[in-house]
Amino acid sequence: MDRQMLRYELNKIKQMGLLMEVNNEVDPRFELGSILKKYKNRRPIIFNKVKGYRMPVCGALYTDREVLYKLTGIRHEERIFKLMEAIANPKPVKLLNYGPVMENIITGNVDVRTLPNPYFHEKDSSTYITAGMLVVKDIKTGKRYTSIRRFQVIDKNKISALIASPYLTNQFLEMEKQNKPLEVAIVLGYDVPFLLASQVSSELYGVDKYEIDSAIRGEALEVVKCKTVDLEVPAHAEIVLEGIMVPNRREKEGPFGELMGYYGQQGMHPIIEIKAIMHRNNPIYQTAFPCREEHLANGLLREVELYYSLKRLVDVKDVHVTLAGGYRFHAVASIKKNKRAMEKLL
């Protein structure tokens, strides 16, 4: 059903009166990012005319709590329990033979530079895909793992990947020991349930993130098969890059201007060779400046974990992971005071 993924949610955001449309031409080198920054990455914006490209670019869609709540139909006071319910009771996906993301399939002369990948900061090493959702299958269980990563564009069919998560690193290293590539897909043009599910810890819960998505959205996530790798991707996504993470090969990645206002250091990171691109007719490119899109969603999942950790110690009323701490480093907890319980804690 065409009420899944980015295009549907853009319409909902527009109906809420929250979507800013920029119809003047915008340069993806510095200018586009500076406009997102001017509005503190809190105002959903679509740039309809991007210099050098025929594809619109949207950003800052999922960086405000109230917007996320409205898009998911979840109230603030029930968010922790709704998300934990989805983790505890995952639901199956629906595999389709065909979906809109398959309207255009490119398998020869693939060039990721045809996408309007922005150049955000003066000292960035290259253009970056910053809102790309990486999809892999667990090499032992086949469960699907998703996470937002930053991807440095190196050449027409070559990007590097910063795979900071221990789970993903271990998956890649296990395949590398066998001198085998890790098959990957990168999804652009997703929605809030897909984003929220990606922030659930595979290490902690051992879940299939696609099935968490189905539980959060209240209906089966519709997926289609990729053309060159053994993976499924959302049928209503805007753009999908298919490829392999190459074993025993690293290239220099960075620097890149990070969320908290500093440049991430250079490092040697794995390479992804892009084998195919699928995209909808008239696709919409999704970006995040800088990598902001997933941090609020990550903070909401951290609130779930923090709430249940504190619940074992005190009578906790609510928790709040703050924007000031990048939704990672600072939280506030509200508790019902109990002298005896506090004596135990101290």
**Prompt:** Do the two ring centres, one from Tyr8 and one from His236, sit under 6.0 Å apart?
**Reply:** no
**Asked** Could you walk me through whether Arg75 and Glu78 pass the salt bridge (charged side-chain N to carboxylate O under 4.0 Å, His left out) check?
**Response** CA-CA 5 Å; Arg75 292 180 290 117; Glu78 67 182 11; 3.2 Å; yes
**Asked** Any chance the side chains of Tyr69 and Arg65 put a donor and an acceptor closer than 3.5 Å?
**Response** yes
**Enclosure of Asp318 CG (heavy-atom neighbours >12, cutoff 6.0 Å)** = yes
**Item:** Beyond-backbone contact of Gln286 with Glu238, side-chain heavy atoms, under 4.5 angstrom
**Value:** no
**Prompt:** Is the shortest heavy-atom distance from the side chain of Glu211 to the side chain of Leu221 under 4.5 Å?
**Reply:** no
**Fill in**
For Ile139 and Gln171, the nearest pair of non-hydrogen atoms, with its separation, is N-OE1, 2.9 Å
**Side-chain touch Phe47/Asn24, heavy atoms, less than 4.5 angstrom** = no
**Message:** Between Tyr307 and Phe81, is the ring centroid distance below 6.0 Å?
**Reply:** yes
**Request:** Side-chain contact test, heavy atoms from C-beta onward, threshold under 4.5 Å: evaluate it for Asp230 versus Lys137 and give yes or no.
**Result:** yes
**Prompt:** Between Tyr128 and Tyr119, does the ring centre distance come in under 6.0 Å?
**Reply:** no
**Request:** Take Phe289 and His121 through the test ring pair (Phe, Tyr, Trp, His ring centres under 6.0 Å) and record every step on the way to the result.
**Result:** CA-CA 10 Å; Phe289 175 85; His121 309 98; 5.2 Å; yes
**Request:** Spell out, as yes or no, whether a donor-acceptor pair under 3.5 Å connects the side chain of Asp208 to the backbone of Lys143.
**Result:** no
**Message:** Checking side chain to side chain contact (heavy atoms under 4.5 Å, CB included) between Ile239 and each of Ile129, Leu115, Leu6, Ile186, which is the one that passes?
**Reply:** Leu115
**Message:** Between His330 and Thr322, is there a side-chain donor-acceptor contact under 3.5 Å, judged purely by atom types and distance?
**Reply:** yes
**Request:** Say whether Glu242 and Thr228, considering side chains only, have a donor N or O and an acceptor N or O under 3.5 Å apart.
**Result:** yes
**Ring centres under 6.0 angstrom apart (Tyr145, Tyr167)** = yes
**Request:** Please tell me if the side chains of Val224 and Leu96 come closer than 4.5 Å, counting only heavy atoms from C-beta onward.
**Result:** yes
**Prompt:** So, Gln4 versus Glu9: side-chain donor-acceptor pair below 3.5 Å or not?
**Reply:** no
**Asked** So which of Lys14, Lys49, Arg43 actually passes salt bridge (Lys or Arg N to Asp or Glu O under 4.0 Å) with Glu21?
**Response** Lys14
**Item:** CD/Glu122: more than 12 non-hydrogen atoms of other groups inside 6.0 Å
**Value:** no
**Prompt:** Any side-chain heavy-atom pair from Arg54 and Asn282 closer than 4.5 angstrom?
**Reply:** no
**Prompt:** Got a sec: does the NZ of Lys227 have more than 12 other heavy atoms crowding it under 6.0 Å?
**Reply:** no
**Prompt:** Between Asn298 and His295, is any side-chain donor less than 3.5 angstrom from a side-chain acceptor?
**Reply:** no
**Request:** Report yes or no: do Gln152 and Ser125 form a side-chain donor-acceptor pair below 3.5 Å?
**Result:** yes
**Request:** May I have the step-by-step check of side-chain contact (heavy atoms from CB on, under 4.5 Å) for Arg280 and Arg7, ending in yes or no?
**Result:** CA-CA 11 Å; Arg280 296 180 68 145; Arg7 203 165 293 203; 3.6 Å; yes
**Prompt:** Counting only N and O atoms by type, is there a donor-acceptor contact under 3.5 Å from the side chain of Glu31 to the main-chain atoms of Val26?
**Reply:** no
**Request:** Return yes if some donor-acceptor pair links the side-chain N/O of Glu103 with the main-chain N/O of Asn281 below 3.5 Å, else return no.
**Result:** yes
**Asked** More than 12 non-hydrogen atoms from neighbouring residues, nucleotides or ligands closer than 6.0 Å to OH on Tyr39, yes or no?
**Response** no
**Item:** More than 12 heavy atoms from other groups under 6.0 Å of NZ on Lys252
**Value:** no
**Message:** If you apply the rule salt bridge (charged side-chain N to carboxylate O under 4.0 Å, His left out), what do you find for Glu251 with Lys158, and how did you get there?
**Reply:** CA-CA 11 Å; Glu251 290 198 21; Lys158 186 171 69 173; 3.0 Å; yes
**Message:** Could you check whether Thr287 and Thr130, counting side-chain N and O atoms only, form a donor-acceptor pair closer than 3.5 Å?
**Reply:** yes
**Request:** Would you indicate whether the side-chain heavy atoms of Val50 and Met55 approach each other to under 4.5 Å?
**Result:** no
**Item:** Test side chain to side chain contact (heavy atoms under 4.5 Å, CB included) applied to Cys58 and Ile13, Ile45, Ile284, the passing residue
**Value:** Ile284
**Message:** Tell me the closest heavy-atom pair linking Val200 and Leu301, and the distance in Å.
**Reply:** CG2-CD1, 3.8 Å
**Message:** Please evaluate residues Tyr210 and Phe194 with respect to the criterion ring pair (Phe, Tyr, Trp, His ring centres under 6.0 Å), reporting the C-alpha separation (whole Å), side-chain torsions for both, the decisive distance (0.1 Å), and the verdict.
**Reply:** CA-CA 8 Å; Tyr210 278 18; Phe194 199 67; 5.8 Å; yes
**Request:** For Arg144 and Thr146, run side chain to side chain donor-acceptor pair (under 3.5 Å): C-alpha distance rounded to whole Å, both residues' side-chain angles, the deciding distance at 0.1 Å, then the answer.
**Result:** CA-CA 7 Å; Arg144 286 152 297 208; Thr146 59; over 6 Å; no
**Asked** With Val67, which of Leu18, Leu61, Leu296 fulfils side chain to side chain contact (heavy atoms under 4.5 Å, CB included)?
**Response** Leu18
**Fill in**
Of all heavy-atom pairs linking Ile272 and Val184, the shortest is CG2-CG2, 3.8 Å
**Message:** Minimum heavy-atom separation for Met278 and Cys226, please, with both atom names.
**Reply:** CE-CA, 4.4 Å
**Message:** Under a 4.0 Å threshold between the charged nitrogen and the carboxylate oxygen, would Lys94 count as salt-bridged to Glu219?
**Reply:** no
**Heavy-atom pair with the smallest gap, counting every atom of Lys209 and Ser202** = CE-OG, 3.2 Å
**Item:** Side-chain (Asn41) to main-chain (Ala288) donor-acceptor, under 3.5 angstrom
**Value:** no
**Message:** Main chain of Gly257, side chain of Asp124: is a donor-acceptor contact present, judged purely on distance under 3.5 Å?
**Reply:** yes
**Message:** Is there a side-chain contact between Thr72 and Lys82 in this structure, where contact means two heavy atoms from C-beta onward sitting under 4.5 Å apart?
**Reply:** no
**Message:** Please check if the number of heavy atoms outside Asn97 that lie under 6.0 Å from its CG is greater than 12.
**Reply:** no
**Identified side chain to side chain donor-acceptor pair (under 3.5 Å) partner of Lys156 from the options Asp111, Asn109, Thr114** = Asn109
**Message:** Counting only heavy atoms from other residues, nucleotides and ligands, does the tally under 6.0 Å from CD of Gln265 exceed 12?
**Reply:** no
**Request:** Give the intermediate values and the outcome of side-chain contact (heavy atoms from CB on, under 4.5 Å) for residues His279 and Val240.
**Result:** CA-CA 6 Å; His279 66 83; Val240 170; over 6 Å; no
**Item:** Closest approach of Val101 to Pro234 (non-hydrogen atoms, all atoms of both residues)
**Value:** CG1-O, 3.8 Å
